[in-house]
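Working notes, structure below.
If you're wondering where the values come from, they're calculated on a predicted model, not measured in any experiment. Just so we're on the same page: letters track the sequence lines, and every chain starts at 1.
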Amino acid sequence: MASRIKLLFVVIVLVLIGGGIAAYKNAVLGLPLRAGYLPPEWMIEAKLTFLADDEKVRAELSIPAAAVDEGLSPEAGSVGYNYYVEKDQGEYTAVWTSEKQSQNQALYYRINFLDRKKSGGEPIPHPGGGFPVPESPGFSGALEDGAKRVIQRAKAVSADPDSLFVGIFREVVAIQSSQEIGLLRARYEDEAGRGALTVLGIDLLNMAGVPARLAYGVKLEEARGGQQPTRLVEYYDGAYWKVRDPDDPGSTLDPSKIFVWHRGGGALFEVTGGESSKLSFTVTRDFIRPAEMANLRESPLVISTIFGLPASERDVFRYVVLIPLGAFVVVVMRNLVGIATLGTFMPVLLALALLEMKLESGLIMFTVIVTVGLWIRFLLSRLNMLVVPRVAACVVIVTLLMMVLSVVSYRLGMMDGLRITLFPMIILAWTIERMSLIWEEEGKRSAIMQVGGSVLVAVIAYSFMSVPQVKYWAFYFPELLLVLLACIILIGRYTGYRLSELVRFRDFKEV
Amino acid sequence: MKRWWHRWIRTPGELRAMGVVGINMRNARFLLPNNPRKLYDLVDNKIRTKQLAIDHKMAVPETYAVVRNPHDTSVLEKLLKGRESFVIKPARGSGGKGVLVIVAREGGYFIKPSGSRLTLDELKHHCSNILAGLFSLGGRRDVGLIEYRVHPAKVLTEISFQGAPDIRVVMLKGYPVMAMLRAATRESDGRANLHQGAIGIGIDLATGRTVRAVHHGHPIERHPDLKVPVVGVQLPHWDAILDIAVTCHEMTRLGYLGVDIMIDEDLGPLMIEVNARPGLAIQLANGVGLMRRLEPALERSQSHPHDSHDQKIAFSREAFGVKLSAP
């Protein structure tokens, strides 16, 4: 009995602490308990990282003019740096300076804004008046002849710089390219590596007499981990500078998909006194208004300080806080319902993988990979291989299957298929191996029941984890996890029947 | 008083009234408090269990050889020299996984009870699978055991289709509480797992007579394939079987355990393995909720903490024997 009282005490304390903090946040900090429908609030955070060389550091990051002009609540974060914004002819640069720094450094610049009508790539006049002069790329020999022919062809069918831009970039990025473009591409890919085609297009435009230069944008889509700046092209149409996406030259930029971060041709960022500098962007949509966010960030609750973390770090928690919820679902399904699963936490991992893609395509991918993998695994088992090589062979098969599926789904126009790379491979391989063993040892019925049970639990966990209200609570009220912990402890001491046992013993009759 | 829902489920209240024990209750009330973790290795490793049994002068199948490393696998032929029939099993296997029975040799082939033939290479492959931990709990590395194949007593082979039937005795604190016989059917393919179609036969603890049988949860009188009666069969050596079971408790100190025993035609009852997590199907086979037996045993262990070996057996026979209703 004493242990029962201890248990109840622990449960009550956990519920009180968790619930209390949540209530405090709600009543004092004014954080709403119910998730409002998603307000169109974007946050972009630029993170500049580098290794300081133990000397004076000066880091410059070009920032969008809109951030300063329209006041998109810009904020810069860094410790131990002197920070100011430099303005030069309508272009802004954030500058951090410091006397002495060493080791890893990270500088942040973030802006918040509602959905905008403008992407930031709108026509602007040339700063300082006058006309920009196109810079000749200085081709020679065969390259020059080839480039000239490409330009002639594009000019023949274009009327103005806009249509010339479309003509040149269509040819540059086309899959089946002309001989001249092939020659030019080979040369640029050697030198410029990533983004070579964009640079090539810019040089061709300049050669054709249209001034053009690189610009950078940020895609407005939430993704795990940071994104690299997207290369865009800025060109002068005779009166204004305009920005377009070289991959989609025919249309103007869609402000709901992309935000132009940098234009004006200068460097996107520059670090002196440091090496291996890198810039990445994190894009998030917040569920709550910035004012509430600020309250939360400055609240004295330790657990809320995760909201004071930079977006790139904080974003990881969006997923991390969901894992206990998945584990909770597994506990309920196993201990209260009694569904057999393959391994204890395979369903949680599966559910996390499903969160990455659409449910249907995820399930189709899983079914196809496991079915085909199992079949190949049975073929392999005739070779009488040892265990570890066999599992390794399974990993190879799964990898190849993923590649095939990605290509097939891409050809069929299902872009979701490409996300399969995030499906945990080892989990799939191990599933196949375990399933084939159970298949041989206990028969196909057991194997299918257990895998089916795992998938069912995964789908339930997935559905639970993707309820907006649940996500909202998990992320903004992480202390409620203590209440969840209390529930798990209670279930841990549940000695009643599982739902499946009510069925299992349905014919039980005392004699 | 059968209600419409009884076709699909029983209510928790009904099950509780019949004393049925569920997995959660078994774990929380009987397994966890009575079986300290550190004792598990005694029974999870068959080599240790066997050595312990031999120390306690208990009859177990003779060990012919232990396959400990790939070298032993490659000289398997030498290890099996002169052995016509034998069993290869993983030391840490559970639930009968990885057990390979060979009943005879014919030229270069090894014959399984089902009649299918295996080559020496296939045996070697099976051994290397055991070594790699394919059948062990959690996939840890394992060793293989080659031992005497039990020639089941005739009474038992008559009621089992191909596979050798084994007797499972479940005990709490050293008091035998329930026993059953598991017999294979054509459907269960020589295996003794009830949910794979084997039949579970309840045994009267007092006399060792079979009292009831279930196949897929339904009571039966005759074996579905062999058509012989399976109820009312008297098992031989019942006293010795109970004696082995209680000795297993004494040597392992596990509070809640199941002991698997086979009866050899010549050697009598042999202890096969001790299970620290016995399942719940035994209540289906006996038609008795385990709670009916576990609670009296628990009370007895508290009121008579110093019961001797024989007193425990006597108590169980007296308290849990099937009372014949007065004519």
Looking only at heavy atoms, the pair that brings Lys509(A) and Arg212(B) closest together is O-NH1, 4.5 Å

Distance-minimising heavy-atom pair for Ala28(B) and Thr495(A): CB-CG2, 3.4 Å

Interatomic spacing from CD1 in Ile9(B) to OG in Ser500(A) - rounded to 0.5 Å: 12.0 Å

Let me check something: any side-chain donor-acceptor pairs from residues 388-397 of chain A under 3.5 Å, sequence neighbours excluded? List them with distances.
residue	atom	partner	partner atom	Å
Arg390(A)	NE	Glu433(A)	OE2	3.4
Arg390(A)	NH1	Met385(A)	O	3.3
Arg390(A)	NH2	Glu433(A)	OE2	3.4

Heavy-atom pair with the smallest gap, counting every atom of Asn335(A) and Asn24(B): O-ND2, 2.8 Å

Of all heavy-atom pairs linking Phe508(A) and Leu284(B), the shortest is CD1-CD2, 3.8 Å

Report yes if some heavy atom in the side chain of Phe505(A) is under 4.5 Å from a heavy atom in the side chain of Met18(B); otherwise report no. no

Identify which part of His126(B) has an atom lying under 4.5 Å from any heavy atom of chain A, answering side chain, backbone, both or neither. neither

Test item: Arg10(B) side-chain N/O and Arg506(A) main-chain N/O as donor-acceptor pair under 3.5 Å: yes

Looking only at heavy atoms, which two atoms of Glu501(A) and Leu15(B) are closest? And how far apart? O-CD1, 4.1 Å

Value for OH (Tyr497(A)) from CZ (Arg16(B)), rounded to nearest 0.5 Å, stands at 6.0 Å

At a 4.5 Å cut-off on heavy atoms, which part of Leu280(B) comes close to chain A: side chain, backbone, both, or neither? both

Do any of residues 322-334 of chain A have a heavy atom less than 4.5 Å from a heavy atom of chain B, and if so, which, in residue order? none

Engaged part of Val21(B) at the chain A interface, taking heavy atoms whose separation is under 4.5 Å: backbone

State the CE-OH distance between Met25(B) and Tyr494(A), to the nearest 0.5 angstrom. 9.0 Å

Evaluate the criterion side chain to side chain contact (heavy atoms under 4.5 Å, CB included) for residue pair Glu510(A) and Arg292(B); output intermediate values, then yes/no. CA-CA 11 Å; Glu510(A) 263 193 297; Arg292(B) 294 258 183 279; 2.7 Å; yes

